[in-house]
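Since the structure comes first, as structure tokens, the remarks are kept for the end.
Residue numbers start at 1 and run along the sequence shown. Just so you know, ligand 1 is whichever comes first in the structure, and atom 1 is the first atom listed for that ligand.
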Amino acid sequence: MFKTLDDLDPEQRVLVRLDLNAPVEDGVAQDNRRFERHAETVRDLADAGHRVALMAHQGRPGDDDFISLSSHAEVLADHAGVEVGFVDSTYGEEAIDAIRALDAGDVLLLENTRMTDDELPEKEPEAHAESEFVRTLAPEFDAYVNDAYSAAHRAHASLVGFPLVLPAFAGRVMVAEYEANSAIATKEFDGDVTMVVGGTKATDVISVMNAIGGRVDTFCLGGIAGELFLRADGYPVGEDIEGMDLFDDQWEKNHETIESLLEERGDQIELAVDLAYEDDNDERAESRIDVITEKDRAFLDVGSETVAKYDPIIRDSEAVFVKGALGLFEDERFAVGTVGVLEAIADTDCFSVVGGGDTSRAIEMYGLSEEDFSHVSIAGGAYIRALTGEPLVAVELLKRE
Ligand SMILES: Nc1ncnc2c1ncn2[C@@H]1O[C@H](COP(=O)(O)OP(=O)(O)O)[C@@H](O)[C@H]1O
Ligand SMILES: O=C(OP(=O)(O)O)[C@H](O)COP(=O)(O)O
């Protein structure tokens with residue numbers, strides 16, 4: 001399927017694309033799972049004696065988090081356990097000089113690819129391959145490695161231009177992400193497949209149900225999206241109250257689709273039976289949905305009875321995929337749904353994939369072990385595209401040989 005790092009000839013000059021896009025605080029990149037994961041690819045290449053130049057992006061021009069990658073080099077070096085040099089040029093003279101000065105086992109991070117004019121225009125790969133960026137850098141290398149699965153839905157020069165002009169290989173992250181995230185569409189499971197869907201975007205849930213509804217036995221819903229499904233099922237929730245801007249717009253745009261999904265796939269869709277809110281003492285309280293007569297407060301999590309309803313479904317599953325949180329888990333009082341479901345998954349030996357930048361953060365926040373899941377994705381937009389069977393342009397180019 002892909003050529004991998006294990007297929008590289010010895011002592012190559014390797015140009016590598018990572019996704020180190022990270023939260024930024026006070027102008028400094030904050031450590032996150034992406035650094036830790038990509039460190040394996042970097043370490044393997046350095047240990048094998050290749051000369052390694054890394055490309056990555058941070059933010060978008062005009063945004064506050066559009067910064068230099070100098071702080072990224074330090075965080076990456078800590079994780080990889082090898083020195084990572086940095087040059088504040090992507091393909092200018094300084095960059096070329098630094099690349100030519102690399103010895104076997106050296107690692108150099110080039111400046112933010114999005115600081116060049118050639119990176120961002122969404123163009124066909126063939127047009128990107130003709131850009132000055134690609135034409136200047138490519139002759140300095142023997143091979144191109146793409147490890148940036150989480151950016152692989154973007155047709156940017158560093159992702160789609162180089163694989164047309166250099167022998168292209170998939171990095172460790174690329175291989176692991178591709179295999180796990182495509183499993184729902186490609187792998188045959190002996191038993192039930194369950195998908196836990198929540199989060200804030202009804203359209204994500206709708207796309208997933210439409211694309212892979214035929215391969216999933218049960219959808220367990222929660223979050224803002226779950227509340228909208230409850231509203232479509234006739235309960236007086238899933239609507240905005242004072243100061244809220246989460247539901248009504250999504251309802252207008254999506255309620256007909258949600259209603260028909262409930263009609264067509266009702267026996268596959270499990271909805272919350274209770275919801276949690278903040279009471280007058282700022283404590284978590286719960287209410288069964290069949291006694292709610294009017295929405296007069298924000299619901300911030302599914303309730304304990306819902307967790308008890310979803311728990312055996314998960315335990316009886318052969319595979320469980322998670323997309324989106326069941327509640328506002330960043331607040332400990334409203335983490336019961338998300339953490340309860342994650343604990344049930346961790347407790348079984350089913351094949352399990354947890355994705356979405358926010359949801360997977362709950363794993364470390366609440367002391368769960370990544371090792372209890374088959375795969376924890378570092379992708380957001382690319383993960384949802386994989387779940388809905390949409391090809392990722394930069395992944396497809398790696399498959400071409
Ligand atoms: N009932 C809720 N009220 C407010 N926020 C919620 C609720 N349920 C889930 N969320 C929020 O949804 C976010 C995750 O949404 P989303 O971006 O769709 O998923 P992901 O980032 O996992 O792909 C979480 O940060 C969580 O706080
Ligand atoms: O962080 C990323 O994607 P994500 O927000 O979907 O996880 C990627 O680095 C892509 O970044 P972009 O959405 O600015 O093109």
Side-chain angles (χ1 to χ4, degrees), residues 17-24 29 32-34 38 55-63 65-66 72 112-114 119-120 122 147-156 158-159 173 177 181 196-208 221-230 237-238 240-241 244-247 250 272 275-278 295 297-303 306 321-339 341-342 353-363 365 376-387 392-394:
R17 179 58 157 97
L18 307 178
D19 184 1
L20 301 179
N21 200 29
V24 171
N32 70 13
R33 206 182 255 109
R34 285 183 177 165
H38 285 301
M55 295 186 289
H57 73 274
Q58 173 62 56
R60 284 185 177 246
D63 291 350
D65 67 348
F66 180 59
H72 299 65
N112 191 343
T113 54
R114 292 185 179 176
E119 170 74 338
L120 278 170
E122 294 267 346
D147 211 26
Y149 177 89
S150 47
H153 51 305
R154 305 293 186 208
H156 298 158
S158 62
L159 293 152
V173 172
E177 289 275 357
N181 302 345
V196 177
V197 279
T200 53
K201 295 179 279 294
T203 46
D204 277 359
V205 175
I206 292 167
S207 317
V208 167
L221 267 71
I224 304 285
E227 227 185 292
L228 285 160
F229 273 70
L230 282 169
V237 295
D240 288 327
I241 49 171
M244 235 187 210
D245 187 15
L246 284 168
F247 295 98
Q250 295 203 62
L275 295 171
Y277 58 92
E278 183 179 58
K295 179 160 177 175
R297 50 169 57 103
F299 294 108
L300 299 169
D301 193 10
V302 298
T306 305
F321 292 79
V322 180
K323 168 69 186 83
L326 297 191
L328 186 74
F329 70 83
E330 293 86 346
D331 180 329
E332 204 174 336
R333 296 168 300 167
F334 302 107
V336 171
T338 306
V339 174
V341 156
L342 289 172
V353 182
V354 181
D358 284 325
T359 315
S360 42
R361 212 152 34 85
I363 291 177
M365 267 183 82
V376 178
S377 176
I378 53 171
Y383 179 66
I384 186 83
R385 282 172 175 79
L387 291 180
L392 306 178
V393 58

Under 4.0 Å, heavy atoms only, figure out whether ligand 2 is touched by the backbone of [X], its side chain, both or neither.
X	value
Q58	neither
R385	neither
A148	neither

Over all atoms of both residues, closest heavy-atom pair of [X] and [Y]:
X	Y	result
Y277	A298	CB-O, 3.4 Å
A325	T338	CB-OG1, 3.7 Å
L275	F299	CB-CD2, 3.6 Å
D147	L18	CB-CD2, 3.9 Å
D65	G59	OD1-CA, 3.4 Å

Inset, instruction - Check step by step if side-chain contact (heavy atoms from CB on, under 4.5 Å) holds for H38 and D19. - result: CA-CA 8 Å; H38 285 301; D19 184 1; 4.0 Å; yes
Answer yes or no: is there a side-chain heavy-atom contact under 4.5 Å between [X] and [Y]?
X	Y	result
S150	N21	no
I363	V376	yes
F229	V205	yes

Can you list the ligand 1 atoms lying under 4.0 Å from a non-hydrogen atom of [X]?
X	value
L300	1 (N), 3 (N)
K323	19 (O), 20 (P), 23 (O)
G324	19 (O), 22 (O)
A325	9 (C)

In terms of residue, atom name and distance, what is the protein heavy atom nearest to [atom]?
atom	answer
atom 18 (O) of ligand 1	T200 N, 3.0 Å
atom 22 (O) of ligand 1	T359 OG1, 2.2 Å
atom 10 (C) of ligand 2	H57 NE2, 3.9 Å
atom 17 (O) of ligand 1	K201 NZ, 3.3 Å
atom 1 (O) of ligand 2	R34 NH1, 2.9 Å
atom 8 (C) of ligand 2	D19 OD2, 3.3 Å
atom 5 (N) of ligand 1	L328 CD1, 3.7 Å
atom 3 (N) of ligand 1	I224 CD1, 3.5 Å
atom 15 (O) of ligand 1	G199 CA, 3.3 Å
atom 6 (O) of ligand 2	G381 N, 2.6 Å

Legend entry - Atom CD of E330: over 12 foreign heavy atoms under 6.0 Å: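 Result for CD/E330: enclosed.
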Do any N/O atoms on [X] end up under 3.5 angstrom from N/O atoms on ligand 2?
X	answer
H156	no
I378	no
N21	yes

Inset, instruction - Report the C-alpha separation of I384 and K201 in whole Å, then their side-chain angles, then the decisive distance to 0.1 Å, and conclude whether the side-chain contact (heavy atoms from CB on, under 4.5 Å) test is met. - result: CA-CA 11 Å; I384 186 83; K201 295 179 279 294; over 6 Å; no
Legend entry - Sole candidate of R154, R60, R17 that passes salt bridge (Lys or Arg N to Asp or Glu O under 4.0 Å) when paired with E119: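 The option that passes is R17.
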Do ligand 1 and [X] have nitrogen or oxygen atoms that lie under 3.5 Å from each other?
X	answer
E227	no
R361	no
D204	no

Within the 4.0 Å heavy-atom shell around [X], which atoms of ligand 2 are there?
X	answer
G380	6 (O), 7 (O)
R154	12 (P), 13 (O), 15 (O)
S150	3 (O), 8 (C)
R114	11 (O), 12 (P), 14 (O), 15 (O)

Inset, instruction - Run the numbers on S158 and H57 for side-chain contact (heavy atoms from CB on, under 4.5 Å), then give the verdict. - result: CA-CA 9 Å; S158 62; H57 73 274; over 6 Å; no
Inset, instruction - Can you confirm whether something in the protein, heavy atoms only, sits under 4.0 Å from atom 12 (P) of ligand 2? - result: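 When distances to the protein are checked, atom 12 (P) of ligand 2 has a heavy atom within 4.0 Å.
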Legend entry - G327 touching ligand 1 at heavy-atom level, < 4.0 angstrom: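 Yes, G327 has heavy atoms under 4.0 Å from ligand 1.
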Inset, instruction - Specify side chain, backbone, both or neither for F299, according to which of its non-hydrogen atoms lie closer than 4.0 Å to ligand 1. - result: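 Within the 4.0 Å criterion, F299 contacts ligand 1 through backbone atoms alone.
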Legend entry - Contact partition for E330 relative to ligand 1, non-hydrogen atoms under 4.0 Å: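 Within the 4.0 Å criterion, E330 contacts ligand 1 through side-chain atoms alone.
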Inset, instruction - Check L221, L342, V341 against V196 for a side chain to side chain contact (heavy atoms under 4.5 Å, CB included) and give me the one that passes. - result: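 Among L221, L342, V341, the one meeting side chain to side chain contact (heavy atoms under 4.5 Å, CB included) with V196 is V341.
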Legend entry - Test log, rule side-chain contact (heavy atoms from CB on, under 4.5 Å), inputs K323 and L387: CA-CA 9 Å; K323 168 69 186 83; L387 291 180; 4.1 Å; yes
For the side chain of [X] and the backbone of [Y], is there at least one donor-acceptor N/O pair under 3.5 Å apart?
X	Y	answer
E177	I378	yes
D301	V336	yes
Q58	A22	yes

